[in-house]
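Residue numbers begin at 1 in each chain, while the letters A, B, ... track the order of the sequences.
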Amino acid sequence: MSQGFDPVLSINSGQVFLWEKHGNSWYGIYGDHVIRLDEVDGRPEFSSFPELKSCEQKMFRLDDDINKIREDVSRDPFVRKLVKAYPGLRLIRQEPHQCMFSFVCASNTNIPMIRRMLYNLTRKFGAPVKVDGKEFFTFPSAADINRATIDELRACGLGYRAKAVKAVAESIASGRLDFQALKNASYEEAKQELLQIYGIGNKIADCVLLFSLEKLDAFPIDVWIARALASHYKWLHKKQFSDKITAHQYETLSGSTREYFGRYAGYAQQYIYYHMRQNAGKKW
DNA sequence: GTACAGGCAGTAT
DNA sequence: ATACTGCCTGTA
């Protein structure tokens, strides 16, 4: 079931932000829960506070038929190589609201900054949870965040993103955005819903769809993926493009990549993304 | 000081 | 339709 599964590699692959190492354990925030990850006899062992039944199954999508998915995305020779190179990499399933706030904060910045913003949000608006004598903070609910003023959000280091965070909080808290309905909806329908919200564009919508709304065919295109497409998959696109892509280029590229990589395009994206970052020698 | 970092909305062509 | 621009903040 969990063959070749490397949770530490996966949590450090740029999909999730609120994980930190203390001693030999990793601790992560998963909505209202703190997850602890230890290595015991070379095998991962998970604990959750308060307890969340089979949290690793949920988080790391161990319910997916990974062999079938790997085979499916291996239709592409480049991805086939990456599937072999990174056998431990998994997509992470996130809490929709945490995912959405995380990626709204991720626009036009880098991972250390995203982590800082999210830590500040949890400390100001989340609830404290003590684990192993250390204090962690849960991820605040949309209602918690919606109670804050834009200036209070700004004070978390969000900058101009504060307005977008507030808009997301409002649409969730008011019930206008219904995650369950979005899970049931098609990729296109769900994406259109997300795009209505101020601050949510193509890339962030696709991240939320892939990482939290079960749309495994979503294919987020950030600058790294755009670079990969521009160098390895030129033929997918008629016209030249670089890593800075316009909204229209995003649309057409997204359409052709989703078609080409298939129903698990999001997994293919994750292998490519991880590979590009590895090659660039990025420190997470 | 300047450039840049995992986008987006607003405005002008 | 497509191009250009400003935007918070921190680091190199």
(Q) Can you measure A:D206 atom CG to B:dG7 atom C1' for me and round it to whole angstrom units? (A) 13 Å
**Q.** Option among A:S47, A:C55, A:P44 that satisfies the side chain to side chain contact (heavy atoms under 4.5 Å, CB included) test with A:L37
**A.** A:P44
**Q.** Atom pair distance, as rounded to whole Å: CD1 in A:I111 and P in B:dG7
**A.** 11 Å
Under 3.5 Å, which donor-acceptor pairs link side chains of residues 192-203 of chain A to any protein atom two or more places apart or in another chain?
| residue | atom | partner | partner atom | Å |
| --- | --- | --- | --- | --- |
| A:Q196 | NE2 | A:Q192 | O | 2.9 |
| A:N202 | OD1 | A:K191 | NZ | 3.0 |
| A:N202 | ND2 | A:E251 | OE2 | 3.3 |

Q) What is the distance, rounded to the nearest whole Å, between atom CE of A:M276 and atom C1' of B:dA5? A) 16 Å
Q: Check whether the side chains of A:Y27 and A:H22 place a donor and an acceptor atom closer than 3.5 Å, and report yes or no.
A: no
Q | Criterion side chain to side chain contact (heavy atoms under 4.5 Å, CB included) on A:L91 and A:Q15, from CA distance to verdict | A | CA-CA 8 Å; A:L91 266 188; A:Q15 315 174 53; 3.7 Å; yes
Q: Hey, which sits more toward the 5' end of DNA chain B by its nearest nucleotide, A:K163 or A:F17?
A: A:F17
Q. Centroid-to-centroid, A:F17 to A:F139, below 6.0 Å?
A. no
Q: Let me have DNA chain B in dot-bracket notation, would you? Count Watson-Crick plus G-U wobble pairs, both distances under 3.5 Å, and use [ ] for pairs crossing earlier ones and | for inter-strand partners.
A: .||||.|||||||
Q) Are any of the side-chain nitrogens in A:E189 or A:K215 under 4.0 Å away from the carboxylate oxygens of its partner? A) no
Q. Rounding to a whole Å, what distance do you find between A:I245:CD1 and C:dT2:P?
A. 14 Å
**Q.** Reading 5' to 3' through nucleotides 4-12 of chain C, protein heavy-atom contacts under 4.0 Å coded B for base, S for sugar-phosphate only, - for none
**A.** ---BBSSS-
Q.
If you take the centroid of each ring, where Trp contributes its six-membered ring, are A:F60 and A:F46 closer together than 6.0 Å?
A. yes
Q. When you measure from every atom of DNA chain B, which of residues 188-204 of chain A have a heavy atom less than 4.0 Å away?
A. A:I197, A:Y198, A:G199, A:I200, A:G201, A:N202, A:K203, A:I204
Extract all donor-acceptor atom pairs below 3.5 Å that involve side chains of residues 177-184 of chain A and protein atoms in other chains or at least two apart in sequence.
| residue | atom | partner | partner atom | Å |
| --- | --- | --- | --- | --- |
| A:D178 | OD1 | A:Q180 | N | 3.0 |
| A:D178 | OD1 | A:A181 | N | 3.2 |
| A:N184 | ND2 | A:Q180 | O | 3.4 |

Q. Which salt bridge (charged side-chain N to carboxylate O under 4.0 Å, His left out) pairs, counting each pair once, include a residue from residues 140-150 of chain A, with sequence neighbours left out?
A. A:D144-A:R147
Q: To the nearest Å, give me how far apart CZ (A:R115) and C1' (B:dA5) are.
A: 16 Å
Q. Tell me: CD1 of A:I114 to P of B:dC8, nearest whole Å?
A. 12 Å
Q | Rounded distance in Å between the P positions of B:dT11 and C:dC8 | A | 15 Å
Q. Given C:dA1, is OP1 or OP2 found less than 4.0 Å from the side-chain N or O atoms of A:H248?
A. no
Q) Parallel, tilted or perpendicular: which describes the rings of A:H97 and A:F101, with under 30° parallel and over 60° perpendicular? A) perpendicular
**Q.** Donor-acceptor pair between A:D76 and A:Y260 side chains, under 3.5 angstrom
**A.** yes
